[in-house]
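One structure is given below, encoded as structure tokens.
Indexing begins at 1, ligand by ligand and atom by atom, following the structure's order. One is the number of the first residue; the rest follow in order along the sequence.
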Amino acid sequence: MSSLNDAKRRAAYKAVDENITSESKIIGIGSGSTVVYVIERILQRGNLVNKECIFVPTSFQSRLLIIEGGLNLGDIDQYSKIDVTIDGADEVDENLNAIKGGGACHLREKVVAEAAKKFVIVADYSKKSSTLGEKWKQGVPIEVIPFAYMLVIPSLKRLGCENPVLRMAKSKAGPVISDNGNLIIDAYFGLIKKPKELLEKIKLLTGVVEVGLFVNMTKMAYFGNEDGSVDIKKI
Ligand SMILES: O=C(CO)[C@H](O)[C@H](O)COP(=O)(O)O
């Protein structure tokens, strides 16, 4: 296994071991490659423990992971109070603010994170930074209503992004379509010194559904390191 995948797995395993306790009955499951290891660890706990729990997905991908693992699937409409949500991130700063949405799932991820008493991030060492925008140069993922994307692009330029890019699909002609039927614009703003301010400004643009800036939401982050250790940061 590559050192990056090993780091993801170690972070995910530790986060599951320390945060999914016998009290955790409703559990939010994030999206992305690190979350695959979260499910792997949950399955290792065995059916006897897992059958007492409901798992709420944040995407088509995590819904499938839950179903394929034989876990109890729940929807946010039924379970709007979640004990703990564990998710990955594209970049995490020293205050545990994060950029998310590299997998275009940040709308549902934010809902499931906000519904949780505790939101925990799992990531490898490459995601840790002091200021957002330092490592993740692809830009802040912004989910927009298809009808409005041509309006949102110039608005993002006015907010300081030089080159907002409509995310294009890799194995399909045309744009990435989110699980909610929307488009994704990636907007790089350089170093984001004031993430809350930027989030509020983007959120106010007509046509924007959700912004992949998670500000003041994360309680704990687990970072797998190259040497096999895991750094834990708490707020
Ligand atoms: O926000 C996300 C998806 O929308 C993911 O959590 C984020 O992209 C990190 O993914 P990975 O664990 O594959 O690095």
Distance filter under 4.0 Å to Gly88 heavy atoms, resulting ligand 1 atoms: 6 (O)
Are any of the heavy atoms in Gly30 under 4.0 Å away from ligand 1? no
Where's the contact between Pro141 and ligand 1, heavy-atom distance under 4.0 Å: side chain, backbone, both or neither? neither
Can you pull out the closest protein heavy atom to atom 5 (C) of ligand 1? Residue, atom name and distance to 0.1 Å, please. Ser31 O, 3.3 Å
What protein heavy atom sits nearest atom 13 (O) of ligand 1, and how far away is it? Ser33 OG, 2.5 Å
Go through ligand 1 atom by atom and flag the ones less than 4.0 Å from a non-hydrogen atom of Gly102. 1 (O), 4 (O), 8 (O)
Judging by distance only, is a nitrogen or oxygen of Val35 under 3.5 angstrom from one on ligand 1? no
Ligand 1 versus Asp124, non-hydrogen atoms closer than 4.0 Å: side chain, backbone, both, neither? neither
Specify the protein heavy atom at minimum distance from atom 12 (O) of ligand 1: its residue, its atom name, and the distance to 0.1 Å. Thr34 OG1, 2.6 Å
Here's one to test your reading of the geometry: is the NZ or CZ of Lys219 within 45 degrees of the ring axis of Phe119 and under 6.0 Å from its centre? no
Does NZ in Lys193 sit with more than 12 non-hydrogen atoms of other residues, nucleotides or ligands closer than 6.0 Å? no
Closest protein heavy atom to atom 10 (O) of ligand 1, given as residue, atom name and distance to 0.1 Å: Gly32 CA, 4.0 Å
Other residues, nucleotides, ligands: >12 heavy atoms within 6.0 Å of Glu23 CD: no
Less than 4.5 Å apart, side chain to side chain, heavy atoms only: is that true for Val209 and Asn180? no
Under 4.0 Å from one or more heavy atoms of Gly101, ligand 1 contributes atoms 1 (O), 2 (C), 4 (O)
Nearest heavy atom to atom 3 (C) of ligand 1 wins, so pick from Lys127, Glu109, Gln138, Glu143. Glu109
Heteroatom proximity flag, Gly103 to ligand 1, N/O under 3.5 Å: yes
Between Ala89 and ligand 1, which residue portion shows a heavy-atom distance shorter than 4.0 Å: side chain, backbone, both, or neither? backbone
Between Val120 and Tyr222, is the side-chain contact (heavy atoms from CB on, under 4.5 Å) condition met? List the steps. CA-CA 8 Å; Val120 177; Tyr222 290 73; 3.7 Å; yes
Enumerated ligand 1 atoms positioned under 4.0 Å from heavy atoms of Lys100: 1 (O), 2 (C), 5 (C), 6 (O)
Interfacing atoms of ligand 1 (cut-off 4.0 Å, heavy-atom, Asp87): 6 (O)
May I ask you to list the atoms of ligand 1 that are less than 4.0 angstrom from any heavy atom of Ala104? 4 (O)
Looking at Lys135, is its backbone amide N or carbonyl O close enough to the side chain of Glu91 to form a donor-acceptor pair, meaning the two atoms are under 3.5 Å apart? yes
If we ignore hydrogens and angles and just use 3.5 Å, is the side chain of Lys8 paired with the main-chain N or O of Gly224 as donor and acceptor? no
Determine, for Phe223 and Lys127, whether the Lys NZ or Arg CZ falls below 6.0 Å from the six-membered ring centre while staying within 45 degrees of the axis. no
Only heavy atoms of Asp90, strictly under 4.0 Å: list the atoms of ligand 1 that pass. 1 (O), 7 (C), 8 (O), 9 (C)
Atom NZ of Lys234: over 12 foreign heavy atoms under 6.0 Å: no
Does atom NZ of Lys110 have more than 12 heavy-atom neighbours from other groups under 6.0 Å away? yes
Looking just at side-chain N and O atoms, do Glu94 and Ser130 make a donor-acceptor pair shorter than 3.5 Å? no
